[in-house]
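Computed from heavy atoms alone, side chains included, the values below leave out hydrogens, waters and symmetry copies. This is a predicted model, so every value here is computed, not measured. Numbering starts at 1 and runs along the sequence shown.
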Amino acid sequence: MNGAQALIESLKREGVTHIFGYAGATICPAVDALKDVPEIGYTLVRTEQNAGHMASGYARVSGKAGVCMVTSGPGATNLITGIATAYMDSIPMVAITGQVPSHLLGRDIFQEVDITGAVAPFSKHSYLVKDPSQIPRIVREAFHIATTGRPGPVLIDIPIDVQEKTLKAFDWPETVNIRGYKPSVKGNDLQIKRVAEAIGRARQPLICAGGGVWLADAQAELLELAEGAGIPVVKTMMGISILPTGHPLNMGMIGAHGNHCANKALAKSDLLIMVGTRAADRAIIQPDEIQRRMATIHIDVDPAEIGKNMQAAVPLVGDVKVILRQILDLGVTPPDCQEWRSRLADYRRAELSRQFPSRPGSVFPGTVMRRLGDRLDDDAVVCVDVGQNQIFTCKYLPQKHGRLLTSGGLGTMGYALPAGVGVKVAQPERQTVVICGDGSFQMAMNELAAVKYANMDLKILLFRNNTLGLVHQIQSRPPYHGPFGVSLDGSPDFETIAAAYGIPCVTAVGEEELERSIDQFLGTPGPCLMICQVHPDVSTTD
């Protein structure tokens, strides 16, 4: 057995069933070994960045680490954005890169880059493999690090000569014990008691749930606490689908682009319970003001995040699912907050029933989201890109019991389509819809090849306004002097692009066409593209 075969065998033992990748000279031994292992599927991406995004979409719905594999040099550097996107959103991923021969490292030979050094600021850990006998241990550790504590991407860089060397023995470690890496799981009992007491005293308590709730698989515990204590819930963008839109305690998404009701609740609360969220700037615009006006409880697996953006009166470090269960087992006296819930419910009803503006010859994205959401399956997955399409989707798409996936931390345009491919690989029968603008779509539309090759039942909704909508919106207001450098003139005919890949296309130019177009879009077997014409001056504040 050589190093490449040891790598593939190690992945197999880790339960890996799919790899997203792009082959090249320095990773050819590993690809050659993969060819003989039918238990592990392979998706050829059209650019390496998207291998990371596909692995991300796969990880987020499967609960397992996504795996991507590319070659050295530009293959590795192209993957950097995929790794950074996963790091910012705490997505478990193992990225494998080929490398030039180990005896030539540091000589700047063809397609050599120091990829372990390059990704150091935004990877959880990285390995440069020097001895093929260490591959089983390294793979075992990489998956352990990627999936425990605060999840994140781990890089394994393997020189081609290490892949080609023969192992004396394949030694698979059954357990992992890494000195200095012992993530906290259980919350401090005294702090748990303080949390329960604070909730009982509150009159206007509020739970703010983030993506960490999904990562810890703690949705049931969060719902049990919220319903048992009668506490309203707001979500960050990463936690948007934790509660159905129609749930009486769901007050919407907070933040600069959030719902009015959610932001009103955040401003008026007297106890903020942050669960699995970083309290980043897009969600909590003025953390100092929030900290001054109310007591805060912060529950997170990463101690570095507690106190980074906002000081917590009661910090709790550990696994969100475990800590919520500790709080529930201790028992919480429901606070006297009926009046608070009633007031917020009035705000929420008004918000959900608002009438959207309309213009002849175009559709308003909020209207599309409402009508699309009503027709989606109860457990549908929606992958949304970055820009106005992201904000409209997060604010107005009705949530049921599915998932909404997006790039929240890094804000990576071009994320949604490859993430949708990853979702369909992980769960082929699950209804999956990709939502993007014409700017972000053009960053990833080459992955229509992967969609067509696998004949995925992936539905892609494209908002076409011929401009980079969110930047156009920002530039249209002081201190700027009008849009510049955002026109997408020269864009292709997307209907023709879809046809070139053999993918059907539906177009809605006006809102009177929406009902028919959405029904045709969702009812088309296999992949389908739906284009909605949007006015370039539409704003997320309309």
Side-chain angles (χ1 to χ4, degrees), residues 1-45 48 51-52 55 65-80 82-83 93-120 123 125-146 153-173 176:
M1 177 182 287
N2 64 20
Q5 291 167 327
L7 171 67
I8 301 305
E9 176 62 24
S10 298
L11 294 175
K12 192 168 119 179
R13 294 200 183 198
E14 273 294 339
V16 173
T17 57
H18 206 90
I19 296 174
F20 305 93
Y22 201 107
T26 62
I27 200 65
C28 271
V31 174
D32 191 61
L34 179 63
K35 181 176 60 177
D36 297 325
V37 182
E39 301 96 319
I40 301 178
Y42 184 81
T43 295
L44 171 64
V45 302
E48 291 89 352
V67 180
C68 49
M69 186 166 69
V70 302
T71 194
S72 62
T77 57
N78 281 350
L79 184 60
I80 283 177
I83 293 172
M93 177 191 297
V94 174
I96 301 165
T97 52
Q99 185 55 277
V100 302
S102 52
H103 67 281
L104 295 176
L105 285 169
R107 298 190 185 184
D108 295 332
I109 70 164
F110 180 68
Q111 291 194 335
E112 178 193 358
V113 294
D114 176 12
I115 190 62
T116 57
V119 302
S123 60
H125 193 60
S126 63
Y127 294 90
L128 173 59
V129 185
K130 299 178 181 178
D131 180 354
S133 67
Q134 297 300 309
I135 288 174
R137 174 189 62 81
I138 287 172
V139 170
R140 191 84 167 90
E141 289 182 1
F143 277 84
H144 178 71
I145 293 169
V154 176
L155 176 81
I156 304 175
D157 192 34
I158 313 182
I160 185 171
D161 59 313
V162 175
Q163 297 175 54
E164 292 170 338
K165 283 181 184 174
T166 301
L167 280 73
K168 292 180 181 178
F170 181 89
D171 186 13
W172 178 252
V176 178

S.K.: Measure the shortest side-chain to side-chain distance between L11 and I96 over non-hydrogen atoms and say whether it is less than 4.5 angstrom.
M.R.: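 L11 reaches I96 side chain to side chain.
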S.K.: Assign the ring pair F170 / W172 to parallel, tilted or perpendicular, where the plane angle (0 to 90°) is split at 30° and 60°.
M.R.: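 It falls in the parallel class, under 30°.
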S.K.: Any side-chain to backbone donor/acceptor pair from S72 onto Q111? Under 3.5 Å, distance only.
M.R.: yes
S.K.: Can you name the side-chain hydrogen bond (donor to acceptor under 3.5 Å, both in side chains) partners of T17, sequence neighbours left out?
M.R.: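 So T17 forms a side-chain hydrogen bond (donor to acceptor under 3.5 Å, both in side chains) with Y58.
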S.K.: Please check: side-chain N/O of Q163 versus main-chain N/O of A30, any donor-acceptor pairing under 3.5 Å?
M.R.: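 Yes; judged by distance alone, with no hydrogens or angles, the pair exists.
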S.K.: Quick one: does L128's side chain get under 4.5 Å of P159's, heavy atoms only?
M.R.: yes
S.K.: So Y127 and Q134, do their side chains get closer than 4.5 Å, heavy atoms only?
M.R.: no
S.K.: Rounded to the nearest 0.5 Å, how far apart are CD of E141 and CD1 of I156?
M.R.: 9.5 Å
S.K.: Taking A76's backbone N and O only, do any of them form a donor-acceptor pair with T97's side chain (distance below 3.5 Å, no angle check)?
M.R.: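 Not at all, since once roles are kept as given, no pair shorter than 3.5 Å links the two residues.
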S.K.: Could I get the full list of side-chain hydrogen bond (donor to acceptor under 3.5 Å, both in side chains) partners for E112, not counting sequence neighbours?
M.R.: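 E112 satisfies side-chain hydrogen bond (donor to acceptor under 3.5 Å, both in side chains) with no residue once adjacent residues are dropped.
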S.K.: Roughly how far, to the nearest 0.5 Å, is the CG atom of L105 from the NZ atom of K130?
M.R.: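 So the gap between those two atoms works out to 8.5 Å.
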S.K.: Does the side chain of V139 reach to within under 4.5 Å of the side chain of L7, using non-hydrogen atoms?
M.R.: yes
S.K.: Taking E48's backbone N and O only, do any of them form a donor-acceptor pair with N78's side chain (distance below 3.5 Å, no angle check)?
M.R.: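 No; zero donor-acceptor contacts below 3.5 Å.
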S.K.: Does Q99 reach the main-chain N or O of T71 with its side chain, forming a donor-acceptor pair under 3.5 Å?
M.R.: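 Side chain of Q99 to backbone of T71: no pair is present.
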S.K.: Hey, could you give me the OG1/NE2 distance between T116 and H125, rounded to the nearest 0.5 Å?
M.R.: 10.0 Å
S.K.: Between K168 and S133, is any pair of side-chain heavy atoms under 4.5 Å apart?
M.R.: no
S.K.: For the pair Q5 (side chain) and N2 (backbone), establish whether a donor and an acceptor sit closer than 3.5 Å, ignoring hydrogens and angles.
M.R.: yes
